[in-house]
Number of protein chains: 2
Amino acid sequence: MIRNSEATQSRLLMAAKGQFAANGYERTTVRDIAAEAGVNVALINRYFGSKEELFAQAVAIDLEFPDLSDVNKGEIGERLVRHFYTRWEGNYADDLLRVLVRTAATNATAADKIMKILNGQIVPLVTKLTGEAGAQHRASLVATQILGLAYCRYILNLGDDYLDPPDTVAAIAETLQRYLFAPAT
Amino acid sequence: MIRNSEATQSRLLMAAKGQFAANGYERTTVRDIAAEAGVNVALINRYFGSKEELFAQAVAIDLEFPDLSDVNKGEIGERLVRHFYTRWEGNYADDLLRVLVRTAATNATAADKIMKILNGQIVPLVTKLTGEAGAQHRASLVATQILGLAYCRYILNLGDDYLDPPDTVAAIAETLQRYLFAPAT
DNA sequence: CTCATGTGTAAACACGCATTGACATAACGG
DNA sequence: CCGTTATGTCAATGCGTGTTTACACATGAG
């Protein structure tokens, strides 16, 4: 038996993200996670203390939000959708956004994390693009559309027959563009 | 002690919807539901058989989708948003949509129910408005936006400081209008 | 009044879960 | 090779859960 604490911790983290993303926080058991990682259950407590802390670490990594500082204003909407859309085309089972959207429904830690992303990344981005005034409103509108898209893909599992990729990207890009730049009412 | 099985069943159903909406399926215990209803736990099994069946009944009632057959085409988007928006302004703790959006994340029954609403109510509505072609795509886009709005209100608890009611209604109404009627690409 | 039935209560059961502690074994410097 | 430390295993514990069982009480017809 090869022994390497770093590797097993990493395997546990990956397995945790996958399980949490697929089944939510309550439905995934530490036994499932350990089984998928191929290690003993007790190691979760040894290395992470508790299931809750393992979960916290699983959602601790930053969402790699795209850098849009040098993008043409007219293309920002499309870049944003495409960024999220391509993530699940590559079907990352352990994608952080996937974990968050599913688990936030029953776990305050995950909901807080989404709020942190909204306040810490989306609002500042919008502020830089359009100025202070109304940035929080605009950012929230953007959040409703992106999270709704994620919800339909991750939780309802709407496939391409429902959300045809090119059409969907185009339609939602235009929406985001309007939420970002449309003159205030 | 007054004894009335109909009344207690009804109280259990209301309490169940409230608890499921607030905490999701796994986190709400039958004991919590019974306590809120002010009745004994065992009555849940007597009257509903199991927690799962109680839940099924809690989400069995139909969503009162507005009748839009006689509404001006230009106002349908606004009517749609306003219909959902006014529900939570009256803060119905046991609102069905609220229950569904939260529980679908971890409960297949709820996710199926949302799919039934999408396929059985939204798609037909769109079909009637714009014809067969592309109705499923358009309806799905509408779903992403409405569910995203519900997600932000119900799960993230974004208040009026994030989603200012009049602006939000206007912005999203325009989006739905476009998803419904914009010419196909 | 009385008894059968509908309704409510309390305790106990069975199960799955996260967590823990005692023990085994690999890794590795001396 | 030895002994210490890091890493992994196993069984047991305690708790919370949904469910069931046995019992108590109200209700209303005969």
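So that the names make sense, note that chain A is the first sequence line, chain B the second, and so on, each numbered from 1.
- Taking 3.5 Å as the limit, the base of dT17(D) and the side chain of Arg31(B) contain no donor-acceptor pair of atoms between them.
- Geometric assessment of Lys51(A) against the ring of Tyr25(A) yields a positive cation-pi assignment under the 6.0 Å and 45° thresholds.
- Per the geometry, CZ belonging to Arg46(B) stands 14 Å off P belonging to dT5(C), to the nearest Å.
- For the residue pair Thr29(B)/Gln19(B), the side-chain donor-acceptor check at 3.5 Å is not satisfied.
- Distance CD (Gln19(A)) to P (dA18(C)): 11 Å, rounded to an integer number of Å.
- In this structure, CZ of Arg27(B) is placed 16 Å from P of dC17(C), rounded to the nearest angstrom.
- Note: CG (Leu54(B)) to P (dT17(D)) measures 16 Å, nearest angstrom.
- By the 6.0 Å contact criterion, CZ on Arg178(A) is enclosed, its count of non-hydrogen atoms from other residues, nucleotides or ligands being greater than 12.
- A sub-4.0 Å separation between OP1 or OP2 of dG8(D) and a side-chain N or O of Thr8(A) is present.
- Among the atoms of the strands shown, only primed sugar atoms or phosphate atoms (P, OP1, OP2) are found under 4.0 Å from some heavy atom of Tyr47(B).
- The side chain of Ser5(A) contributes an N or O atom lying less than 4.0 Å from OP1 or OP2 of dT7(D).
- The CG atom of Leu43(A) sits 15 Å away from the P atom of dA26(C) (whole-angstrom rounding).
- Put simply, CG on Leu100(B) and CG on Leu97(B) are 6.5 Å apart, with the number rounded to the nearest 0.5 Å.
- Considering only heavy atoms from C-beta on, Lys17(B) comes within 4.5 Å of Ile61(B) through its side chain.
- Between Asn40(A) and dG8(D) there is no side-chain polar atom (N or O) within less than 4.0 angstrom of OP1 or OP2.
- What separates CG of Asn45(B) from P of dA10(C) is a distance of 16 Å, to the nearest Å.
- Where Ala42(A) and Lys51(B) each meet DNA chain D at their nearest nucleotide, the meeting point lying more 5' is that of Ala42(A).
- Taking atom CD of Glu6(B) as the reference point, atom P of dT7(C) lies 9 Å away to the nearest angstrom.
- Remark: P of dT17(D) and CG of Asp32(B) are 7 Å apart, rounded to the nearest angstrom.
- Each of Val30(B) and Arg3(B) has a nearest nucleotide on DNA chain D; the 5'-most of these lies closest to Val30(B).
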